[in-house]
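Worksheet: the structure to be examined is printed underneath.
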Amino acid sequence: MSKYHFNDIEAKWQKYWAENQTFKAENPVLSEVKGKSEKPKYYVLDMFPYPSGAGLHVGHPLGYIASDIYARYKRHQGFNVLHPMGYDSFGLPAEQYAIQTGQHPAETTKVNIEGGVDKNGNEIEGYRKQLDRIGFSFDWSREVRTSNPEYYKWTQWIFIQLFESWYDANLNKARSIEELRGIFSSEGNIHLNAVCDEGITHFTAFEWLDFSEIKKQEILLKYRLTYLAETEVNWCPQLGTVLANDEIINGVSERGGYPVIRKKMKQWSMRITAYAQRLLDGLNELDWPQSLKDSQTNWIGRSKGATVNFPILTFPKGEGTRPGYMTGGNNSRVLLERAKDMRNNSTDAEAILWEYLKSKKLGCKFRRQHLIDDFIADFVCLSNKFVIEVDGKIHGNQKEEDEKRTSILNELGYKVIRFTNEEVIGNLDNVLDTISKSIEQSDIPPLGARGTIPVFTTRPDTIFGVSFMVLAPEHDLVSKITTAEQKEAVENYIEATAKRSERERMADVKTITGVFTGAYAEHPFSGKQIPIWIGDYVLAGYGTGAVMSVPCGDQRDYDFAKHFNLPIPNIFKDADISEEAYSDKENTIITNSDFLNDLNYSEATEKIITALEEKGVGEGKINYRLRDAVFSRQRYWGEPFPIYYKDGMPQIIPTECLPLRLPDVEKYLPTEEGEPPLGRAEKWYWNEKNKEVVSPPLEGSGEDIFPLELNTMPGWAGSSWYFFRYMEDEKRDEVFASKEALNYWKNVDLYIGGSEHATGHLLYSRFWVKFMHDRGFVNVEEPFKKLINQGMILGESAKIKTLLVGLPYNENNVTKIHPIKVKLSFYSKNLLPETTDWFKDENIEKNIIDQILNDIPESFTNIFGENNPIANRLKGEAKSEIISVLKGHLLFKYISIPVDVNMIDGVDKLNIDKFLEWRNANKLALYYYENGNKFFVSREVEKMSKSKYNVVNPDDICEQYGADTLRMYEMFLGPLEQAKPWNTAGITGVHGFLKKLWKLYHSGPDETFFVDENPPSGGQGGLKTLHKTIKKTQEDIENFSFNTSVSSFMIAVNELSAQNCNSREVLEPLAILISPYAPHISEELWQKLGHSESISTAPFPKFEQKFLVESSKEYPISFNGKMRFTMELPLDLSKEEIESAVMAHEKTAQYLEGRTPKKVIIVPGKIVNIVG
RNA sequence: GCUCGAGUGGCGGAAUUGGUAGACGCGCUGGAUUCAAAAUCCAGUGUUUUAGGACGUGCGGGUUCGAUUCCCGCCUCGAGUACCA
């Protein structure tokens, strides 16, 4: 006698697979001996899991089961399958535990994976054991962990390659920095077309060769694919780190949900924008869900339009336009005469200084005795907004005057530096040094922005509709163009907007805010003055951070104009803009627009771009929403950057010194100075000469010792290339993956995981792979050919109803309800109506009220606390008196509270004993049962989470029903991509199926194993069932429709059981069919069938049509499209023969009721429809 | 707001290119077995009904001999995104 002992069977085969390395993938070997690698390759990968300490719930393995079924299927199909698993083990959660507990994150991570004692002191099994129990066919010999130095050595290596690369926009690929140096030395950067920082000055080859090494480094940094830059970042104060855009959900951090604010910091960035177009184009070749491609397309956000440069009219007071150097106020005419006079009668000190300043030795142009507003400044550098004053003897009131003068100049945006005559004459070198240092420190606007405001627009055709401009509050030019009058208002506004968190800003889109800068720009075609405003509806990060506002054509501009009473000129023929902007492109005819009049959208766009380019004030441009990715994290638990700083410039650690190991620190928090945790490391300096990590240098020594980078890499660093690492098995010390391995495995054929990685991991990986391809490190351009998103498995929370009792009272004319503590009552689901409001006692059974009142404590202060008006009033009254007061006033309300789903038996039936054990206090509660002793809970579908007590652990399911049942049931729940609720009660169906399957092979006496070696008796029923199932299973697996193949197995086993089939010819192929889904039972049956090898590579049964050939068909006979009856007819009948057979049928006459059919539709093998 | 996806029994879901709507499983009802329960097995199970039928795939139209499937217009729910100039 042999029952289906799934626990024993599963343990046996899991052990067998591990000992025999059954699922080890084989790399190509160069020797003569060829193994699995002679077979075609297939690479199945699951998205990299983070080994959380919370353990798995039944939702987690869903994708792994699907990919495992596919991997096993491919092995049956004769492929050499690579199906690896590993851990994305760096990351924030481990570090948060480390901060709380002081344990090293490496330790907690190890425990999470391998088991041990967790942070709460509980013994946990670990991720690996949980996975093993489900019977996955992973090749564990290739496991990787991103936090292992042997692994992150190569993450650091790739970072160095990015650092040593730049993007050639002509060739459209990344090239090495060495080549860029070559170009600079031979032709400078004048003809270079590279993706780089904004505002790079041009230089010749001659100048390049003359630059100091530091200057060269500084320039190269602007071209590198990973670069250091001051950027506006998403700072999360609670997490103490910067977050990338994709790590922020609804304005709060993805992990923890903490607020995020904007902040400027010096950060490593990745120049992913260089790849924007290729990332977009590459999507076309990928077999990915459309919605996922759409998210990436939206995220990259390509838009076509033009940039237009609007000249700034710096001073709006004067009439007309004036050259930019005329900075005088309304009294200019008089003062200019005086200035001329002063120039001719300068002091000695002024004369000496001027000799040096006018020669441009300091690198910028100075003017002397120059008019600024109503002052004559001694020396002015206009481009740097820098004033030098040389003072004579200082009297008391002179000093006061000077201070006033300085403060007004400051308000105008000038930096003022003062020297005495004696200083200039006595120590000129010192004075010049001070000046040049001060100039360096002052903010210089980016080159392209000086003098003009560039804007990006997708509607250059509407340029004549511009009536104002708006800059983002953070825009660099704001402080430089704001007039003295508007300074205060502008500063207040900037301060107010910077304080608002992202979330507030997003929540409050409706409120229109902004302020006028006082400055004007000139319309490049009409020459009209255009007021420049700032407003936070303009985002600093998109386009140029400035817009040309066309209120008649853009709703946001329209709203802004209406709100601030700005003009709304109409440039659309016959468009009504009295209520809202007219944003339609298709039916637009432009008017009031000079040379664009009477043109439509596309004609006008084409013409204006030509005009912009001819006039040199703009050009056609493609803009992307995608930003360069911030790559620094102010965290401990991540890859250290292989970078040290020499003279403030980043230098790379030689690759032979990698890995640069993460140092130990005593605390995982920022230092007192606000440096990242690595600032706490005792040894975190680089000795350039000895090539080693050392302690900080002592005073006066250590010219070879330099500080190492304190930031670490973000979570996506390690996960952007791990799929290549799995390809390598033997040469992991030498290379990230060998050429042979890369050539053989190429890329991932099937990638399964959640859709939450749409714009993070999946975009960054594609970027890195394209980069690695450009530089020749890999030979594919896309990492994942086919991708499937598995849907979430939701929990079915169990809720029980309980009754709340409250007493209404009046406080400041507001009715409040004071809760009254009474014995808790719990009600079975069907006993109560679905109400959520408070109701009066007339709707409640009298005995319940009596019960409640009876339980009310003697003393009212027990219920209400001291000093409560009700309690005070009733103080000292007898209980009976109190009850009579309360009676008729009490309010009641039913609420649902969650109970642990593991206390539910069968369908929604609460196990009261377990419940009592769980909530000790509830022993005193009252329970209201239905039908005698049944107590039911209500159900609600929600996300699985501990707080909702609806988590179902796969270990428990394996224990109770077996891994094969779990695997099949997860698939049976519904389509892989769809979200669906888990219902443990339903698992009995699948479990019953496996028992039935077992029984099918155990039809011998006393249920012993039995197969018949003869061909199936009783006709070909068995073979027909088998081949029908082969066909269906194969189609289903290839379409990833795993739920329907489970159904077809059930049908097959039901049919074969009914046929009493026990023929080897049927049962042996059937075991292979089911093996990808239920591998343990299949291996066991396979062995019983007499095989000594694992079933895992047994060839998949071949479908043969001949077994399905039918000679007749049960035709449905319809009348006017409604099926009335069926009749069996031979399939080889002609249409005419079918028609006459149908017409001869007695029921036909009955349904026709004497009418003559107008038409008879016959589709042979399908249907007959009689019309009439 | 925009983009994408989905609406079918009490529940999860099936239905190939337009061709017998509700496969398979859960639950429920009845029966067998059992001292009893579990397990197992058998039968039934969309709604309605005057038992012939009528109505049924979110709603309203359309195309067709025939529509869950195709077209048009709406409604609801879910996911993503968020002032992208």
Side-chain angles (χ1 to χ4, degrees), chain A residues 249-251 289-295 297-299 301-303 305 455-460 462 470 502 505-510 512 535-539 541-550 553-557 559-560 623-626 755-756 758-759 789 791-792 796 906-908 939 941 968-969 972-975 977-990 992-993 995-996 999 1032 1035 1039 1041 1043-1051 1054 1114-1126 1150 1157-1163 1165-1172:
Chain A
I249 310 287
N250 293 327
Q290 192 55 44
S291 61
L292 187 46
K293 292 193 197 179
D294 290 344
S295 316
T297 306
N298 289 337
W299 194 262
R302 182 185 199 264
S303 49
V455 301
F456 174 75
T457 175
T458 53
R459 293 294 304 271
T462 63
V470 185
E502 278 301 305
R505 218 171 131 150
M506 278 165 50
D508 175 33
V509 181
K510 291 275 174 289
I512 295 159
D536 72 357
Y537 84 94
V538 176
L539 305 174
Y542 182 73
T544 61
V547 301
M548 56 173 229
S549 298
V550 183
D554 182 287
Q555 194 57 42
R556 289 154 307 166
D557 295 343
D559 295 339
F560 195 84
N623 203 38
Y624 299 92
R625 199 184 78 126
L626 185 71
S755 55
E756 68 273 18
T759 51
N789 287 132
M792 207 189 311
E796 267 198 326
V907 179
D908 302 347
R939 292 293 191 141
V941 173
M968 282 212 142
Y969 186 53
F972 186 65
L973 279 177
E977 301 92 328
Q978 240 170 63
K980 58 238 159 203
W982 176 269
N983 178 3
T984 304
I987 205 168
T988 54
V990 170
F993 157 74
K995 284 202 245 179
K996 224 166 160 178
K999 241 171 117 179
K1032 177 84 177 134
E1035 280 170 6
N1039 293 317
S1041 174
N1043 54 327
T1044 51
S1045 41
V1046 177
S1047 300
S1048 66
F1049 293 143
M1050 289 175 170
I1051 295 167
N1054 286 345
E1114 184 95 350
Y1115 275 95
I1117 313 298
S1118 306
F1119 291 80
N1120 296 320
K1122 297 247 184 286
M1123 204 280 287
R1124 295 302 178 181
F1125 64 92
T1126 60
Q1150 184 193 325
K1158 286 184 192 135
K1159 208 171 167 188
V1160 180
I1161 312 254
I1162 293 164
V1163 184
K1166 291 261 184 188
I1167 198 172
V1168 176
N1169 191 15
I1170 299 164
V1171 188

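Letters go in sequence order (proteins before strands), and every chain restarts at 1. Because the structure is predicted, anything quoted here is derived from the model rather than measured.
Contact between A:T458 and A:S303 at its shortest, heavy atoms only, is CG2-CB, 3.9 Å. Closest heavy-atom contact between A:L292 and A:A758: CD1-CB, 3.1 Å. Shown here for A:P1116 and A:M1123, the closest heavy-atom pair between the two residues is CB-CG, 3.7 Å.
Between A:N1120 and A:K1122 the shortest side-chain heavy-atom distance does not fall below 4.5 Å. Taking the side chain as every heavy atom from C-beta outward, A:I1170 and A:V1160 approach each other to under 4.5 Å. Side-chain contact between A:T462 and A:M548: present, with at least one pair of heavy atoms (C-beta onward) separated by less than 4.5 Å.
The phosphate of B:rA85 (OP1 or OP2) has a side-chain N or O of A:S303 nearer than 4.0 angstrom. Residue A:N1054 places none of its side-chain N or O atoms closer than 4.0 Å to OP1 or OP2 of B:rA23.
Distance alone, capped at 3.5 Å, places no donor-acceptor pair between the A:K996 side chain and the A:N1054 backbone. A donor-acceptor pair under 3.5 Å is absent between the side-chain atoms of A:D554 and the main chain of A:V550, judged by distance alone. A donor-acceptor pair under 3.5 Å links the side-chain atoms of A:Y1115 to the main chain of A:G1165, judged by distance alone.
Residue contacts for A:S1118: at a heavy-atom cut-off of 4.0 Å it reaches no nucleic acid atom on any strand shown. Residue contacts for A:S549: at a heavy-atom cut-off of 4.0 Å it reaches no nucleic acid atom on any strand shown.
Listed by chain and number, the residues in a ring-ring contact (aromatic ring centres under 6.0 Å, His included) with A:Y969 are A:W982 (sequence neighbours excluded).
Under the Watson-Crick or G-U wobble criterion, with both distances below 3.5 Å, B:rG22 has no partner in any strand shown. Across all strands shown, B:rG78 forms a Watson-Crick or G-U wobble pair with B:rC4, both key distances being under 3.5 Å. B:rC28: Watson-Crick or G-U partner is B:rG44, with both key distances under 3.5 Å. B:rU69: no Watson-Crick or G-U partner with both key distances under 3.5 Å is found in any strand. Here B:rG9 sits opposite no nucleotide as a Watson-Crick or G-U wobble pair (both hydrogen-bonding atom distances under 3.5 Å). Within the shown strands, nothing qualifies as a pairing partner of B:rG56 under the Watson-Crick or G-U definition with both distances less than 3.5 Å. For B:rU63, there is no paired nucleotide, since no Watson-Crick or G-U wobble pair has both relevant distances below 3.5 Å. Pair assignment for B:rU33 gives none, since no Watson-Crick or G-U wobble pairing has each distance under 3.5 Å.
A distance of about 46 Å separates the P atoms of B:rC74 and B:rU29, rounded to the whole Å. Across B:rA67 and B:rA21, the matching C1' atoms stand 11 Å from one another, rounded to whole Å. Atom name C1', nucleotides B:rU33 and B:rG27: the rounded distance is 22 Å, in whole Å. Comparing B:rU57 with B:rA15, their C1' atoms are spaced 11 Å from each other, to the whole Å. If you take atom C1' in B:rG78 and the same atom in B:rC70, they sit 25 Å apart, rounded to whole Å. Across the P atoms, B:rU45 and B:rC24 are found 12 Å apart, a figure rounded to whole Å. A gap of 13 Å separates the C1' atoms of B:rG22 and B:rU47, to the nearest Å. The C1' atoms of B:rG9 and B:rC28 are separated by 12 Å, rounded to the nearest whole Å.
Listed nucleotides B:rU81, B:rA85, B:rG19 differ in distance to A:V1163; the shortest reach to its side chain belongs to B:rG19. Among B:rC83, B:rU3, B:rC24, the nucleotide with an atom closest to any side-chain atom of A:N298 is B:rU3. Taking only side-chain atoms of A:P975, from C-beta outward, the nucleotide of B:rG27, B:rA85, B:rG13 with the closest atom is B:rG13. Taking only side-chain atoms of A:V1171, from C-beta outward, the nucleotide of B:rC26, B:rA85, B:rC65 with the closest atom is B:rC65. When distances run from any side-chain atom of A:R625 to the nucleotides B:rA14, B:rA82, B:rG19, the shortest one goes to B:rA82.
Rounded to whole Å, the distance from CG on A:N1043 to C1' on B:rA14 is 8 Å. Rounded to whole Å, atom P of B:rA38 lies 13 Å from atom NZ of A:K995. To the nearest angstrom, P of B:rC24 lies 6 Å from CD1 of A:I1051. Distance OH (A:Y537) to P (B:rC83): 13 Å, rounded to an integer number of Å. Taking atom CD1 on A:I1167 and atom P on B:rU16, their separation rounds to 14 Å, with Å as the unit. The separation between A:M1123 atom CE and B:rA67 atom C1' is 17 Å, rounded to whole Å. Between the CG atom of A:N1169 and the P atom of B:rG18 there is a distance of 17 Å, given to the nearest Å. Rounded to whole Å, the distance from CG on A:D559 to P on B:rC83 is 15 Å.
Sequence order on RNA chain B of the closest nucleotides to A:G301 and A:K996 puts A:K996 first from the 5' end. When each of A:G989 and A:G1121 is assigned the nucleotide of RNA chain B bearing its nearest heavy atom, the one mapping closer to the 5' terminus is A:G989.
Ring planes of A:F456 and A:Y542: perpendicular class, angle over 60° (limits at 30 and 60°).
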Pairwise N/O distances under 3.5 Å, protein to nucleotides 4-12 of chain B:
residue, atom, partner, partner atom, Å
B:rG12, O2', A:L973, O, 2.4

Identify all pairs in which a protein N or O lies below 3.5 Å from an N or O of nucleotides 54-58 of chain B, and state each distance.
residue, atom, partner, partner atom, Å
B:rA54, OP2, A:R1124, NH1, 2.9

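Atom CH2 of residue A:W299 and atom CG of residue A:D294 lie 15.0 Å apart, to the nearest 0.5 angstrom.
Checked by atom type, the side-chain pair A:K1159/A:N1169 shows no donor-acceptor distance below 3.5 Å.
Anti is the glycosidic conformation of B:rG13, whose angle departs from 0 by more than 90°.
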